There are 2 protein chains.
Amino acid sequence: MKKYLPRLKNSKLFQGIGEDELASMLDCLSAVTRNYYKGESVFSRGERIDSVALLLEGCIHIQKEDYWGNLSILSEISEGELFGEVYACLGSDELLNNAVAVKPSKVLFLDVKRILTMCPSACRFHGRLIRNLLTALAQKNKMLTQKLEHMSRRTTREKLLSYLSEQSQRAGSPVFDIPFNRQQLADFLSVDRSAMSAELCRMRDEGILSFDRNHFILN
Amino acid sequence: MKKYLPRLKNSKLFQGIGEDELASMLDCLSAVTRNYYKGESVFSRGERIDSVALLLEGCIHIQKEDYWGNLSILSEISEGELFGEVYACLGSDELLNNAVAVKPSKVLFLDVKRILTMCPSACRFHGRLIRNLLTALAQKNKMLTQKLEHMSRRTTREKLLSYLSEQSQRAGSPVFDIPFNRQQLADFLSVDRSAMSAELCRMRDEGILSFDRNHFILN
DNA sequence: ACCTTTCTGTTGTATTTGCAACTGTTTTGT
DNA sequence: ACAAAACAGTTGCAAATACAACAGAAAGGT
């Protein structure tokens, strides 16, 4: 666990909290870690949870499969990010999505009740922790709003441009990598993979963008 | 303001806080109210805000218009609900959507810094307030996830069924009213109004549902 | 009561999409 | 180094959608 203290210190949840404080906090929050194989579920639809999860290593997809096996990817969780915090905060609500490791992953779990319940002594930074959680929720909220913006476009081309523009803006450069392969991107944007692939090539031929695998350049 | 105390007491933000406490809190949070005409903007895209808004009376749509004037409705805010809390919590981020009164409305504004910053004396319930804000954010987060579920459906019919099922479940009955007219529902689901109208009638003819204006019955 | 505006449903057409099947390339595991 | 699996791109076709233009019904204002 010690190994991850520097990374934890820079996570959104523990931002502004010293490394020494952090170690004692982890006890206080009854922190446990667990490893997951590629393809293994961290959380499953219908479950109720009382811990927030912090991804120490690996990559998690928040996703769902419908009746006919069609996969829909809600979001990608990368190292240092939180997930499950919504349902941990809501307590009694059932999860609507699965959280699946797409790489071998290591996850830290923190009891949300202990985050929300003030411990009178020890944790000087408890208030900070709660505000960090609040900010993390607000940021995820904004991210979902942006995703809705992509999804509300009518055509595959518009969805792609909306998504790629955001990625470019986030990278602060017209050159950037995306965290999805074609099938995953299609599942993320809820479009047909082959039609999307064709659309990407059409845009490339029109000079709107260029790409190689996950690497994109917007013109 | 006194007039709204009972309603405030039952809002998500002030849940669990006594009416007497509430009155003193409102001072502490530098609460102000303002009235809006139908069609007037409460918040506008690109703005930065530092107050959360609580709708005392009326109805607000969180929406956006694109380049070509196509309207997209992100969500509907009804009486007692919060809005703007995401951007108030994020502080430096610009709003991505407009908040527009679709009826004459009365809005209460509360300085978010005062919510987040512990006041040492007076407000015994301050911790409760912060946890309420956290819960409100988590609930909105879940709502956005559900909307993404509707939007990720491929066909207009599936989007409608996904949305109507949720509304039915929320109402706890196969008989329910929706808060949108046809054009608004189309703008909410990002589909063509006339095609959606046709689809609704087809579903009615197939016996899947019946409706009259905003009133729906699922079979 | 009347006129105007808003709302809902209908139809036809061009465009776009999803789907399925297939090819060639890259990556992975042994 | 090789075989198998995963990945990306291509094409044809049936189905669904957006768009536009229109008609009737309901609601609102004077």
Side-chain angles (χ1 to χ4, degrees), chain A residues 37-39 59 61 66-73 102-104 150-164 177-206 208-216, chain B residues 37-39 59 61 66-73 102-104 150-164 177-206 208-216:
Chain A
Y37 301 113
K38 178 176 173 176
C59 181
H61 279 186
D66 71 12
Y67 235 54
W68 299 270
N70 299 316
L71 189 69
S72 175
I73 301 177
V102 291
K103 287 190 213 168
H150 310 145
M151 303 284 294
S152 69
R153 305 289 166 163
R154 305 290 169 94
T155 64
T156 300
R157 171 176 294 222
E158 285 178 320
K159 284 180 189 172
L160 280 168
L161 285 174
S162 178
Y163 172 73
L164 293 173
D177 290 359
I178 65 170
F180 296 127
N181 64 30
R182 294 288 181 276
Q183 183 63 62
Q184 290 171 336
L185 181 57
D187 291 338
F188 181 77
L189 295 177
S190 291
V191 294
D192 180 66
R193 181 195 60 78
S194 64
M196 186 191 78
S197 188
E199 194 62 49
L200 275 173
C201 293
R202 233 170 287 146
M203 290 198 276
R204 181 192 53 199
D205 296 343
E206 293 175 25
I208 297 175
L209 49 75
S210 49
F211 58 84
D212 177 51
R213 302 254 151 184
N214 299 339
H215 189 71
F216 284 80
Chain B
Y37 300 114
K38 178 178 173 175
C59 181
H61 279 186
D66 72 11
Y67 236 53
W68 300 271
N70 299 317
L71 189 70
S72 176
I73 300 176
V102 291
K103 287 190 211 167
H150 309 146
M151 303 282 295
S152 68
R153 306 288 168 164
R154 306 288 170 93
T155 64
T156 300
R157 172 178 292 221
E158 284 177 321
K159 285 180 188 172
L160 280 168
L161 283 175
S162 179
Y163 172 74
L164 293 173
D177 289 359
I178 66 171
F180 296 126
N181 64 30
R182 293 290 180 278
Q183 183 63 61
Q184 291 171 335
L185 181 57
D187 291 338
F188 181 78
L189 296 177
S190 291
V191 294
D192 181 66
R193 180 197 59 77
S194 64
M196 187 191 78
S197 187
E199 194 63 50
L200 275 173
C201 292
R202 235 169 286 147
M203 289 197 278
R204 180 193 54 201
D205 297 344
E206 293 175 25
I208 297 174
L209 49 76
S210 50
F211 58 85
D212 178 50
R213 300 258 151 182
N214 300 339
H215 190 72
F216 284 80

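Heavy-atom basis, side chains included; hydrogens, waters and symmetry copies ignored. As the structure is a computational prediction, the values presented were derived from the model and not from experiment. Letters A, B, ... are given to chains in the order of the sequence lines, protein chains preceding strands, and every chain is numbered from 1.
Between A:R182 atom CZ and A:S194 atom OG the span is 13.0 Å, to the nearest 0.5 Å. Atom-to-atom distance recorded for A:M196:CE and A:L189:CG is 7.0 Å, nearest 0.5 angstrom. Distance check: A:L185 CG to A:S197 OG gives 10.0 Å after rounding to the nearest 0.5 Å. In this structure, the separation between NZ on B:K159 and CZ on B:F188 is 12.0 Å, given to the nearest 0.5 Å. Here the straight-line distance linking atom OG of B:S72 with atom NE2 of B:H61 works out to 12.0 Å at 0.5 Å rounding. Residue B:S190 holds its OG atom at 9.5 Å from CG of B:L71, rounded to the nearest 0.5 Å.
Overall, the helix from C:dA1-D:dT30 to C:dT30-D:dA1 carries an axis bend of 70° between its ends, with five pairs at each end and the value rounded to 10°.
One interatomic measurement links the two molecules: CD1 of A:I178 to P of D:dC7, which rounds to 13 Å at whole-angstrom precision. Remark: P of C:dT17 and CE of A:M151 are 14 Å apart, rounded to the nearest angstrom. Atoms CG (A:L185) and C1' (D:dA8) sit 13 Å apart, rounded to a whole Å. Here the P atom of nucleotide D:dC7 and the NE2 atom of A:H215 are 20 Å apart, to the nearest Å. The CG atom of B:N214 sits 15 Å away from the C1' atom of D:dA25 (whole-angstrom rounding). When the P atom of D:dA8 is taken as reference, atom CZ of A:F216 falls 9 Å away, rounded to whole Å. In this structure, A:N181 atom CG and D:dA5 atom P are separated by 18 Å, rounded to whole Å. For the pair A:R157 CZ and C:dT16 P, the computed distance is 9 Å after rounding to whole Å.
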Evaluation steps, side-chain contact (heavy atoms from CB on, under 4.5 Å), between A:E158 and A:L161 = CA-CA 5 Å; A:E158 285 178 320; A:L161 285 174; 5.8 Å; no
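Between B:I178 and B:L164 there is a side-chain heavy-atom pair separated by less than 4.5 Å. Looking only at side-chain heavy atoms (C-beta outward), A:F180 and A:V102 stay at 4.5 Å or farther from each other.
Across the interface with DNA chain C, nearest-nucleotide mapping of A:S194 and A:T155 shows A:T155 to be the residue nearer the 5′ end.
Considering only side-chain N and O atoms, A:T156 lies under 4.0 angstrom from the phosphate OP1 or OP2 of C:dT17. Taking side-chain N and O atoms only, B:R193 has no distance below 4.0 Å to OP1 or OP2 of C:dC7. The shortest distance between the side-chain N/O atoms of A:R154 and the OP1/OP2 oxygens of D:dC19 is below 4.0 Å.
Listed nucleotides D:dA18, D:dG9, D:dT11 differ in distance to A:R182; the shortest reach to its side chain belongs to D:dG9. The side chain of A:S197 sits closest to D:dA8 out of D:dA18, C:dT11, D:dA8.
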Atom pairs under 3.5 Å: protein N/O with N/O of nucleotides 26-30 of chain D:
unit_1 : atom_1 : unit_2 : atom_2 : d
D:dA26 : O4'    : B:R213 : NH2    : 3.4

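Here B:F211 lies in heavy-atom contact (under 4.0 Å) with sugar-phosphate atoms only.
Sorted by first and then second residue, the salt bridge (charged side-chain N to carboxylate O under 4.0 Å, His left out) pairs with a member in residues 187-202 of chain B read B:R157-B:E199, B:E199-B:R202; sequence neighbours excluded.
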